[in-house]
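Some notes on the structure that comes next.
Keep in mind the model is a prediction, meaning the values are calculated, not measured. Count residues from 1 along the sequence.
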Amino acid sequence: MVQEALNEGIAAAIMFTPETMTEVSETQLRVAFDGDGVLFSDESERIFKARGLNAFLENENDQKHKPMNQGPFKDFAEALGKLQKKFIAKGHRKDCPIRTYLITARGADNSGFRALNTLLSWGLEIDEALFLAAAPKGPMLEKIRPHIFFDDQMFHVEGALKLGTVACHVPYESQRVAKESLY
């Protein structure tokens, strides 16, 4: 059913609850998103998986000014942003009860630039964008303590669960596209 919803353009994921929950803020909802395959389409990730890091970096350099297509959770992030703007309009920027994060394995190079450029082209504000350059996401999740984390890779979902974070797997359909389609 999750895949069917995603195929219809509806944000959907499989939610996993950890055995022991980490303590989270009681005054601020913290939502963390992966980039590729969650906020963004997985067009670049498919290049990485099919042809490796150098091909990915070359693509990101060539496409750095071209926004990526939207992923399944872009609209959800936009809805959170609209709620945030209502609080900000009432003078509650510093104590807004919603905070959003982009936690991506992308680096701060052209691939990170492309991610930021994409967000700007959409008019989507994310409170914090963390470019980990393939470093583990766990330490950042541990620091942020989000109420919920969305990622398209089970490895990261499992890592979040071990830290006591509710984590959602987004089984984005285009992950199953044959490698040959990228050549």
Original post:
Side chain of Thr17, backbone of Val166: donor and acceptor closer than 3.5 Å?
Top reply: no

**OP:** Group every Ile, Leu, Val, Met, Phe, Trp and Tyr by side-chain heavy-atom contacts under 4.5 Å, then state whether Leu124 and Phe149 land in the same group.
**Re:** no

Original post:
Out of curiosity, does Leu39 fall in the hydrophobic cluster containing Ile148 (side-chain heavy atoms, cut-off under 4.5 Å, transitive links)?
Top reply: yes

**OP:** Enter the distance from Lys66:NZ to Asn117:CG here, rounded to the nearest 0.5 Å.
**Re:** 12.0 Å

Subject >> Any side-chain heavy-atom pair of Asp75 and Gln70 under 4.5 Å >> reply: yes

Original post:
Sub-3.5 Å donor-acceptor pair from the side chain of Ser111 to the main-chain atoms of Arg106, do we have one?
Top reply: no

Subject >> side chain to side chain contact (heavy atoms under 4.5 Å, CB included) assessment of Leu53 paired with Phe48 >> reply: CA-CA 5 Å; Leu53 180 60; Phe48 172 76; 3.9 Å; yes

Original post:
Has the side chain of Gln28 got a donor or acceptor atom that lies under 3.5 Å from a matching backbone atom of Asp95?
Top reply: no

Subject >> Whether Arg114 side chain and Gln63 backbone form a donor-acceptor pair below 3.5 Å >> reply: yes

Original post:
How far does CZ of Phe73 sit from CD1 of Ile10, to the nearest 0.5 angstrom?
Top reply: 11.0 Å

Original post:
Looking only at side chains, do Gln153 and Glu45 share a donor and an acceptor under 3.5 Å apart?
Top reply: yes

**OP:** Look up atom CD1 in Ile47 and atom CD in Glu43, then write down how far apart they are to the nearest 0.5 Å.
**Re:** 7.5 Å

Subject >> Connected via hydrophobic side-chain network under 4.5 Å: Phe16 and Phe150 >> reply: yes

Original post:
Checking Asp152 side chain against Val38 main chain: does a donor-acceptor pair fall under 3.5 Å?
Top reply: no

Original post:
Near Met15 CE, under 6.0 Å, is it more than 12 heavy atoms from other residues, nucleotides or ligands?
Top reply: no

**OP:** Could you go through the side chain to side chain contact (heavy atoms under 4.5 Å, CB included) check for Thr104 and Phe131 one step at a time?
**Re:** CA-CA 5 Å; Thr104 178; Phe131 299 97; 3.4 Å; yes

Subject >> Asp36 side chain vs Asp42 backbone, donor-acceptor pair below 3.5 Å >> reply: no

**OP:** State whether the side chain of His147 and the backbone N or O of Ser25 hold a donor-acceptor pair below 3.5 Å, judged by distance alone.
**Re:** yes

**OP:** Check whether any side-chain heavy atom of Phe40 lies under 4.5 Å from a side-chain heavy atom of Leu119, and answer yes or no.
**Re:** yes

Original post:
Of all heavy-atom pairs between Val170 and Pro72, which one has the smallest distance, and what is that distance?
Top reply: CG1-CG, 3.7 Å

**OP:** Please name the pair of heavy atoms, one in Ile98 and one in Leu83, separated by the smallest distance, quoted to 0.1 Å.
**Re:** CD1-CB, 3.6 Å

Original post:
Can a donor-acceptor pair be found between the side chains of Glu58 and Asn54 at a distance below 3.5 Å?
Top reply: no

**OP:** Without swapping roles, check the side chain of Arg145 against the backbone of Thr22 for a donor-acceptor pair under 3.5 Å.
**Re:** no

Original post:
Would Lys137 and Leu132 count as a side chain to side chain contact (heavy atoms under 4.5 Å, CB included) if you check the C-alpha gap in whole Å, the side-chain angles of each, and the deciding distance to 0.1 Å?
Top reply: CA-CA 7 Å; Lys137 294 180 181 181; Leu132 303 181; 3.7 Å; yes

